[in-house]
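The structure appears right after this line, and notes come after that.
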Protein chains: 2
Amino acid sequence: MNVVTVRSRRLEYSETTRQALVNSAVELFTRYGYADTSLDEVAKRARVTKGALYHHFSGKRGLFEAAFAEVETKVMGRLGEIVRGPGDPWESAIAGLRAYVEVCLEPAYQRIVVHEGPVVLGWERWRQAEEGFSFGVLRSAVENLVVSGELDDLPVEITTRLLFGALSSAATVIATSPDPRKASADVTRSIDRVVEGLRRRPTPDPTDNR
Amino acid sequence: MNVVTVRSRRLEYSETTRQALVNSAVELFTRYGYADTSLDEVAKRARVTKGALYHHFSGKRGLFEAAFAEVETKVMGRLGEIVRGPGDPWESAIAGLRAYVEVCLEPAYQRIVVHEGPVVLGWERWRQAEEGFSFGVLRSAVENLVVSGELDDLPVEITTRLLFGALSSAATVIATSPDPRKASADVTRSIDRVVEGLRRRPTPDPTDNR
DNA sequence: CACCGGTACGTACTGTCGGTATGTCGTAAC
DNA sequence: GTTACGACATACCGACAGTACGTACCGGTG
């Protein structure tokens, strides 16, 4: 007798079906966007009917959330280990930025998470979801820099939002550029410059200008 | 033929009807978003039928573009004169940034232009439209700073995109914050810090020569 | 083995909404 | 007065999200 979990064949089938629906959804949402993707088509690609879809998800938005989570979890693997990697915090933060721009180039991430996420889920719901994913990682990176004294103690939440917005725009620029390689280089240069400007300077200059 | 343009009463009515439709669209798109706004409702608020709507606009997206343009033109008035105002370029640029954040706080601008614009119109079409509006203004401001030597000669297009993205995020943060006054102060502080970091420093930096 | 409860779907239908085709009325030109 | 046309209204179609209900099949119980 099996002492461990007795995963019934039934549940296995069910899980497979659900995964097929999610995969189909990610693909179609990425290609055609939320509005121009029909649930019948999603179901058809997964070789089931709408009945199965509505059994597994609450509706179109529910399916979208599942697709969102799917894309994010896949992304988090790569991103997390880079940021949490060993070495000087400044270096790994920079590496994290570059990695995140890379991630943003993924069509699925860009469309589902960055562009349509806030619109479909509503900004507040999207923010909550992001808390446990990319945004959370980025913020903890910024937090590390502030703690380790690399950044002036700006409000972490706000600064991270600004960075997040800038990086998303950056990725979109690269993705839609006719010459992505050059665009990518330019973007990296600009971002490095911005972040370098934020770095705490040894010379004290409290509210210097004017 | 008449030398003076005789604006017929007919055309006047027509223009009024069109304007009523645009106003109705701006209101409903702002409140419920693009997807959850029905054309019948838009027409009803304008006290006409869908026939009139389709006479004036190519469809739902056409109506959205008109609403987009309406919001942008209203905004441009305030924004343009600030940026093009007299005085030192750095000061007026900073003033422009603050003004733009203010603009972004307008619910209509935030929802129609910032959030749903890229999704509904598609990013490329949105970018083209923005060229003649806020983004264009922001970029010319950045260009001025580079020309006047206040900013290192970073690629203007990219840098402006980054700024644009950061500012939009900033505005969203303020708008959804439970304490908008504090959020606004924090945001201003962060932005000032970022921009200040970008400012060309008179003393040559060890890493950044020239 | 027979029976049964529930899960995992499939099928058929409804309501809403974007879009179209067509009709109508008033104004302006001749 | 007739004609032409612009500015709408009305009626309808097709697509699609969501619902109601039926069904097959698995797993447990006696």
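Quick caveat: nothing in here was measured; it's all calculated off a predicted structure. FYI, side chains are in, hydrogens and waters are out, and symmetry mates aren't considered; it's all heavy atoms of this structure. Chain A is the first sequence line, chain B the second, and so forth, proteins listed ahead of strands; every chain is numbered from 1.
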Handout entry: A:Q19 and A:N23 side chains, donor-acceptor separation under 3.5 Å
Key = yes

Problem - Side-chain donor or acceptor of B:S177 paired with backbone N/O of B:V173 under 3.5 Å - result: no

Practice task
Would you kindly say whether A:S134 and A:Y109 are connected by a side-chain donor-acceptor distance under 3.5 Å?
Solution key: yes

Practice task
Grab the NZ-P distance between B:K60 and D:dA15 for me, whole Å please.
Solution key: 18 Å

Exercise for the section: Please work out which residues in residues 29-40 of chain B have a non-hydrogen atom less than 4.0 Å from an atom of DNA chain D and list them by number. Expected result: none

Exercise for the section: Say whether B:T176 and A:E124, considering side chains only, have a donor N or O and an acceptor N or O under 3.5 Å apart. Expected result: no

Exercise for the section: Say whether, by atom type as modelled, one donor and one acceptor occur between the side chain of B:E116 and the main chain of B:Y34 under 3.5 angstrom. Expected result: yes

Practice task
Send over the distance from A:Y54 OH to C:dA12 P, rounded to a whole Å.
Solution key: 18 Å

Fill in the blank from the handout: From CG of A:L28 across to C1' of D:dC16 the rounded distance in Å is 15 Å

Practice task
State whether the side chain of A:S148 and the backbone N or O of A:N144 hold a donor-acceptor pair below 3.5 Å, judged by distance alone.
Solution key: yes

Handout entry: Pairs flagged by side chain to side chain donor-acceptor pair (under 3.5 Å) wherever residues 46-63 of chain A is involved - sequence neighbours left out
Key = none

Pick out the pairs of N or O atoms, protein on one side and nucleotides 8-11 of chain D on the other, that lie under 3.5 Å.
unit_1: D:dC8; atom_1: OP1; unit_2: B:T17; atom_2: OG1; d: 3.2
unit_1: D:dC8; atom_1: OP2; unit_2: B:T17; atom_2: OG1; d: 3.4
unit_1: D:dC8; atom_1: OP2; unit_2: B:H56; atom_2: NE2; d: 3.1
unit_1: D:dA9; atom_1: OP2; unit_2: B:T49; atom_2: N; d: 2.7
unit_1: D:dA9; atom_1: OP2; unit_2: B:T49; atom_2: OG1; d: 2.5
unit_1: D:dA9; atom_1: O5'; unit_2: B:T49; atom_2: OG1; d: 3.3

Practice task
Please state how far atom CD in A:E41 lies from atom P in D:dG14, giving the value in whole angstrom units.
Solution key: 20 Å

Problem - B:F57 CZ to C:dG19 P, straight-line distance once rounded to whole Å - result: 13 Å

Exercise for the section: Kindly say whether B:L151 contributes a backbone atom to a donor-acceptor pair with the side chain of B:R199 at under 3.5 angstrom? Expected result: no

